[in-house]
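Worksheet: the structure to be examined is printed underneath.
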Amino acid sequence: YKLKQKKITKNANNINDLFKGTAFKEKTGKNVKKTERLIRFPVNGDIISKFGEIKDSFQFKNGIMFETKKESSYIISPINGTVRFAGQFRSYGNLIIIENEDNYHSIISGMDKITIFEGNRVLKGEPVGKNMNDVKKKIYFELRYKGKAIDPKREVEIL
């Protein structure tokens, strides 16, 4: 996995290239019920930039930005799936891509430490990263369905 990850990182110029390098071919013939598609947000915090928004000359059109609460140190997996990428990527810092069998991909970046490895199976709600200091952090979250960025707020599970 580490060799594959190195090769993908080297050849990727941006997050779209990285995503394409980690994605498997689309599975067909499976109908997914709406209740099975629900996700969880990866952190406990406030949304400071919405899907499709341009803020402070940064575009967050493909995802949302959270500001974590001080006591919120763990980043959790929004979906059940397999970790396809876990490591440093360009200006994104620590970045994780999780893919599930229903053609969803979750992209999370901004955490201090990644606590899982590429190839690991994770469950929705399982810790995948950690912020080390008791300070507010900005965490970027993107959700894709069949390779296309979608608004995570439309798929979120209300707890």
Side-chain angles (χ1 to χ4, degrees), residues 1-30 32-45 51 62-69 71-134 137-159:
Y1 285 116
K2 287 191 184 254
L3 282 169
K4 180 181 177 188
Q5 185 167 316
K6 239 183 216 183
K7 183 179 178 183
I8 291 169
T9 303
K10 182 180 175 187
N11 294 331
N13 294 320
N14 55 44
I15 199 164
N16 286 325
D17 292 345
L18 181 68
F19 171 77
K20 287 176 188 171
T22 61
F24 281 125
K25 292 182 181 175
E26 178 182 327
K27 296 173 177 81
T28 58
K30 184 174 182 183
V32 182
K33 294 178 187 174
K34 176 77 173 161
T35 55
E36 293 173 358
R37 294 188 299 164
L38 296 176
I39 61 140
R40 291 188 58 190
F41 283 146
V43 294
N44 182 15
F51 180 83
N62 288 336
I64 56 180
M65 183 71 76
F66 289 92
E67 184 172 75
T68 63
K69 307 225 182 267
E71 66 280 355
S72 178
S73 62
Y74 284 98
I75 290 78
I76 63 167
S77 175
I79 59 176
N80 295 330
T82 302
V83 178
R84 295 293 172 216
F85 184 88
Q88 289 278 323
F89 182 70
R90 306 201 186 280
S91 64
Y92 290 90
N94 285 324
L95 185 134
I96 299 170
I97 297 176
I98 301 168
E99 176 188 48
N100 78 4
E101 59 200 32
D102 297 325
N103 296 309
Y104 279 89
H105 288 83
S106 170
I107 302 169
I108 310 163
S109 69
M111 76 273 319
D112 289 334
K113 183 178 180 181
I114 296 173
T115 58
I116 43 87
F117 299 98
E118 187 174 337
N120 285 150
R121 297 262 318 137
V122 292
L123 298 174
K124 179 171 44 173
E126 182 178 342
V128 294
K130 184 174 171 79
N131 288 327
M132 304 308 286
N133 300 325
D134 193 23
K137 288 283 199 175
K138 290 185 171 117
I139 302 294
Y140 177 74
F141 173 53
E142 187 174 311
L143 185 66
R144 294 185 181 208
Y145 179 66
K146 295 185 177 181
K148 183 180 177 195
I150 60 172
D151 186 354
K153 287 181 77 176
R154 293 183 182 207
E155 302 290 328
V156 75
E157 176 177 40
I158 307 298
L159 297 175

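Quantities reported herein were computed from a predicted structural model and do not represent experimental measurements.
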Legend entry - CD1-CD distance between Ile107 and Glu99, expressed to the nearest 0.5 angstrom: 11.0 Å
Inset, instruction - Could you list the residues that satisfy side-chain contact (heavy atoms from CB on, under 4.5 Å) with Tyr92, not counting sequence neighbours? - result: Ile15, Phe89, Leu95, Ser109
Inset, instruction - Classify the ring geometry between Phe41 and Phe66 as parallel (under 30°), tilted (30 to 60°) or perpendicular (over 60°). - result: perpendicular
Inset, instruction - Identify the heavy atoms of Ala86 and Glu118 that sit nearest to each other, and give their distance. - result: CB-N, 4.1 Å
Legend entry - CD on Glu126 to OH on Tyr74, rounded to 0.5 Å: 12.0 Å
Inset, instruction - Mind checking the CZ-OG spacing from Arg144 to Ser106? Nearest 0.5 Å is all I need. - result: 11.0 Å
Inset, instruction - Mark yes when over 12 heavy atoms from residues, nucleotides or ligands other than Lys130 sit less than 6.0 Å from its NZ; otherwise mark no. - result: yes
Inset, instruction - Side-chain contact test, heavy atoms from C-beta onward, threshold under 4.5 Å: evaluate it for Val83 versus Val128 and give yes or no. - result: no
Legend entry - Inter-residue atom distance Ile108.CD1 - Ile114.CD1, 0.5 Å rounding: 9.5 Å
Legend entry - side chain to side chain contact (heavy atoms under 4.5 Å, CB included) between Asn80 and Lys124, worked out: CA-CA 5 Å; Asn80 295 330; Lys124 179 171 44 173; 3.5 Å; yes
Legend entry - Heavy-atom pair with the smallest gap, counting every atom of Met111 and Asn94: O-ND2, 3.1 Å
Inset, instruction - Output, in order, the C-alpha distance, side-chain angles, deciding distance and verdict of side chain to side chain contact (heavy atoms under 4.5 Å, CB included) for Lys137 and Val43. - result: CA-CA 10 Å; Lys137 288 283 199 175; Val43 294; over 6 Å; no
Legend entry - Main-chain N/O of Lys153 paired with Asp151 side-chain donor or acceptor, under 3.5 Å: yes
Inset, instruction - Can you measure from OG (Ser77) to CZ (Arg121) and round to the nearest 0.5 angstrom? - result: 10.0 Å
Inset, instruction - Step by step, work out the side chain to side chain contact (heavy atoms under 4.5 Å, CB included) result for Glu155 and Tyr145. - result: CA-CA 11 Å; Glu155 302 290 328; Tyr145 179 66; over 6 Å; no
Legend entry - side chain to side chain contact (heavy atoms under 4.5 Å, CB included) evaluation trace for Asn62 with Tyr140: CA-CA 10 Å; Asn62 288 336; Tyr140 177 74; 3.7 Å; yes
Inset, instruction - Determine the sole option in Ile97, Leu143, Ile98, Ile79 for which the side-chain contact (heavy atoms from CB on, under 4.5 Å) test with His105 is passed. - result: Ile97
Legend entry - Nearest-0.5 Å distance that lies between atom CG in Asn120 and atom CZ in Arg84: 11.0 Å
